[in-house]
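The structure displayed is predicted, hence computed values, not measured ones. For the single chain, residues carry numbers from 1 onward in sequence order.
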Amino acid sequence: MKFLSTILFLLFTANTISAQDFIVKNNDDVIRGTIKGTDYYSVYISANDEADVILPAKDVKNFFWNGNSFLSKGFANGKNFEYRFVKLIELGAVNLYSFGGGTLVPAVKEKKVKFRPSIGIGTGTGNFGGMGMGGGIGVGLGNRNAAPERPAGAPAIRYFIEKPGSGPLQEVPMKAITDEDKTANVKTILLQKLGDNLSLKSKVESSTALNSREVIELIKEYNAAKK
């Protein structure tokens with residue numbers, strides 16, 4: 001119920017304040033301004049276009065940026081439970097999220113601010129729940145004339161599927177062109193999540209591509225049938 005209320009709040013607020021980026025913190029405080037970027041571990045915002053602030057995923061419920069909704073989700077990392085942002089792709093009886101891809105933190109135009117973080121983002125070989133992602137953000141007061149560093153490159157896009165009530169997030173190893181040795185795994189996951197719809201079950205079983213575009217369309221069709 002708490003997850004559902006968060007989603008509804010996110011979508012409602014996105015529709016009513018679509019002209020401005022915003023962040024919803026865990027205590028339901030809303031920070032409005034201009035979001036400068038995210039490395040999916042933290043989000044960087046110019047609050048009310050005055051003070052630059054970086055918030056870690058563990059302190060945030062969700063944020064809305066450039067027409068996209070991002071949620072903070074928990075992932076198991078050994079004995080620890082860590083939070084990362086995921087981009088919402090499809091919402092309904094089955095949810096689909098993505099992690100990574102795109103430009104992380106763009107260059108920032110110089111201006112007077114109350115707080116200027118200096119940022120370093122790494123995309124190493126960490127062991128975050130099998131994600132193959134290392135890195136993080138280092139925040140310092142730094143020189144006011146020093147803009148945040150650009151990342152060397154964005155992490156590869158990873159996809160995660162969720163059917164509320166049937167277990168935790170599960171990675172779907174699909175791509176724009178899914179590797180041949182991964183299609184069987186993708187098919188198994190989709191049959192588990194969508195297999196109660198006989199028409200879609202047949203489509204999944206007969207497909208040989210199961211690329212990201214096809215899978216997104218299958219999930220959209222499944223959710224539409226459940227409404």
Side-chain angles (χ1 to χ4, degrees), residues 1-10 23-28 37-44 54-63 65 68-102 104-105 120-139 151 153-175 178-179 181-195 210 212 215-216 219 222-223:
M1 184 63 69
K2 182 178 180 181
F3 173 78
L4 178 60
S5 63
T6 298
I7 292 290
L8 292 176
F9 177 82
L10 175 66
I23 295 173
V24 182
K25 298 175 66 177
N26 285 340
N27 61 3
D28 291 327
T38 179
D39 67 346
Y40 298 88
Y41 297 82
S42 299
V43 58
Y44 173 28
I54 289 177
L55 296 172
K58 67 180 180 64
D59 295 337
V60 173
K61 284 185 178 180
N62 51 64
F63 67 89
W65 177 38
N68 295 306
S69 299
F70 295 77
L71 306 179
S72 178
K73 303 289 288 186
F75 291 84
N77 182 10
K79 295 182 179 181
N80 299 320
F81 195 69
E82 299 179 332
Y83 287 87
R84 305 288 180 256
F85 292 119
V86 290
K87 179 180 175 181
L88 179 62
I89 297 176
E90 180 62 20
L91 175 69
V94 169
N95 304 323
L96 185 67
Y97 310 99
S98 68
F99 177 98
L104 302 184
V105 181
I121 299 178
T123 55
T125 56
N127 188 24
F128 151 54
M131 293 286 291
M133 287 289 300
I137 291 184
V139 183
I157 299 177
R158 312 287 287 270
Y159 294 93
F160 291 85
I161 195 169
E162 174 186 55
K163 190 171 187 179
S166 66
L169 287 174
Q170 187 173 6
E171 183 170 4
V172 185
M174 63 185 183
K175 298 180 181 179
T178 301
D179 298 335
D181 61 342
K182 297 293 193 300
T183 54
N185 191 4
V186 174
K187 183 171 295 188
T188 297
I189 293 170
L190 292 180
L191 289 174
Q192 291 173 350
K193 306 298 183 183
L194 315 179
L210 292 177
S212 54
V215 171
I216 290 170
I219 293 173
Y222 182 86
N223 286 340

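- Side chain of S212 to backbone of M174: no donor-acceptor contact under 3.5 angstrom is found.
- Here the CG atom belonging to L169 is positioned 11.5 Å from the CZ atom belonging to F99, to the nearest 0.5 angstrom.
- Atom NZ of K182 is separated from atom NZ of K187 by 16.0 Å, given to the nearest 0.5 angstrom.
- Ring centers of Y97 and F160: at least 6.0 Å apart, outside the cut-off.
- With values rounded to the nearest 0.5 angstrom, I23 atom CD1 is found 11.5 Å from S72 atom OG.
- Smallest separation of non-hydrogen atoms from L210 and T178: O-OG1, 2.8 Å.
- Two residues are said to be in side-chain contact when any heavy atoms from C-beta on lie closer than 4.5 Å; Y159 and I89 meet this criterion.
- Side-chain contact between Y222 and E90 is absent, with no heavy-atom pair separated by less than 4.5 Å.
- With hydrogens and angles ignored, the 3.5 Å screen pairs no side-chain donor or acceptor of N95 with any backbone N or O of L88.
- Summarising the geometry of S42 relative to P56, their closest heavy-atom pair is OG-CA, 3.6 Å, with the distance given to 0.1 Å.
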Intermediate values then yes/no, side chain to side chain contact (heavy atoms under 4.5 Å, CB included), F75 and V86:
CA-CA 11 Å; F75 291 84; V86 290; 4.1 Å; yes
Kindly determine whether I161 and I219 satisfy side chain to side chain contact (heavy atoms under 4.5 Å, CB included), including the steps that lead there.
CA-CA 10 Å; I161 195 169; I219 293 173; 3.9 Å; yes
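- By the 4.5 Å heavy-atom criterion applied to side chains, N223 and V94 are counted as neighbours.
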So Q170 and Q192, side chain to side chain contact (heavy atoms under 4.5 Å, CB included) or not? Walk me through it.
CA-CA 11 Å; Q170 187 173 6; Q192 291 173 350; 3.8 Å; yes
Could you go through F85 and Y83, starting from their C-alpha distance and side-chain angles, then the distance that decides it, and tell me whether this counts as ring-ring contact (aromatic ring centres under 6.0 Å, His included)?
CA-CA 7 Å; F85 292 119; Y83 287 87; 9.6 Å; no
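- With rounding to the nearest 0.5 angstrom, the CG atom of L71 is 12.5 Å from the NZ atom of K87.
- The distance from atom NZ of K58 to atom CD of E82, rounded to the nearest 0.5 Å, is 11.5 Å.
- With D181 as the fixed residue, the side-chain contact (heavy atoms from CB on, under 4.5 Å) test singles out one of T183, D179, N185: D179.
- Distance alone, capped at 3.5 Å, is enough to place a donor-acceptor pair between the Y40 side chain and the G100 backbone.
- Note: F63 and W65 have tilted aromatic rings, judged against thresholds of 30 and 60 degrees for the angle between ring planes.
- Distance alone, capped at 3.5 Å, places no donor-acceptor pair between the K61 side chain and the V24 backbone.
- D39 places a side-chain N or O within donor-acceptor distance of the main-chain N or O of Y41, the cut-off being under 3.5 Å.
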